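Let me begin by presenting the structure, written as structure tokens, before commenting on it.
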Amino acid sequence: QKLQQQQQQQQQITLMLGKATSLYELAYTLVERENLARGATFFSMAIINNLGMIHQAMGRECKANKCFGHLLSTIMAMVYHGCTGAKRIAPSELEGFLRNTSYLVSRNEAAPAA
């Protein structure tokens with residue numbers, strides 16, 4: 001009985017996460033298509049971050065890595081082009097995103113010998 005309830009709860013969670021994924025993907029498509037200017041970059045980053053978290057929770061590591069890789073690339077481009085700081089996205093607002101993407105650059109893999 002208890003095992004059956006747990007299985008039903010897990011199925012409901014999976015269903016809700018699937019719906020959330022669809023809605024986030026739709027929101028991302030709309031933001032990118034409409035190019036909503038100044039706030040769009042941060043909003044897009046939040047969507048990609050949340051998609052990555054959902055994929056991670058569902059065990060979809062490859063999709064999560066793609067989301068977090070895209071997020072990290074966006075952060076790097078913003079820093080390179082000076083889109084952080086006064087009147088832009090504050091570096092402190094990027095901390096959560098950086099925390100979720102840090103594993104992509106801090107893997108314990110040795111570089112190949114030259």
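This is a predicted model, so every value here is computed, not measured.
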Could you state the interatomic distance from [atom1] ([X]) to [atom2] ([Y]), rounded to the nearest 0.5 Å?
{"X": "Leu98", "Y": "Met76", "atom1": "CG", "atom2": "CE", "answer": "10.5 Å"}
{"X": "Thr74", "Y": "Leu94", "atom1": "OG1", "atom2": "CG", "answer": "10.5 Å"}
{"X": "Ile75", "Y": "His70", "atom1": "CD1", "atom2": "NE2", "answer": "10.5 Å"}

Extract all donor-acceptor atom pairs below 3.5 Å that involve side chains of residues 45-62 and protein atoms in other chains or at least two apart in sequence.
residue, atom, partner, partner atom, Å
Asn49, OD1, Asn100, ND2, 2.7
Asn50, ND2, Tyr24, OH, 3.0
Asn50, ND2, Ala46, O, 3.4

Answer with yes or no whether the hydrophobic clustering places Leu23 together with Ile13; edges join I, L, V, M, F, W, Y residues whose side-chain heavy atoms lie under 4.5 Å apart.
->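 They do not share one cluster, since no chain of ILVMFWY contacts under 4.5 Å joins Leu23 to Ile13.
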Would a hydrophobic clustering, with Ile, Leu, Val, Met, Phe, Trp and Tyr connected at side-chain separations under 4.5 Å, put Leu72 with Tyr80?
->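 Looking at the clustering, Tyr80 is in a separate group from Leu72.
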Tell me, please, which residues at least two apart from Phe97 pass ring-ring contact (aromatic ring centres under 6.0 Å, His included).
->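 Phe97 satisfies ring-ring contact (aromatic ring centres under 6.0 Å, His included) with Phe42 only.
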What pairs meet the side chain to side chain donor-acceptor pair (under 3.5 Å) rule with one or both residues in residues 2-11, with sequence neighbours excluded?
->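 For residues 2-11: none.
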Compare every heavy atom of Thr101 with every heavy atom of Phe68, then report the nearest pair and how far apart it is.
->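 Looking at all heavy atoms of both residues, the shortest contact is O-CG2, 3.4 Å.
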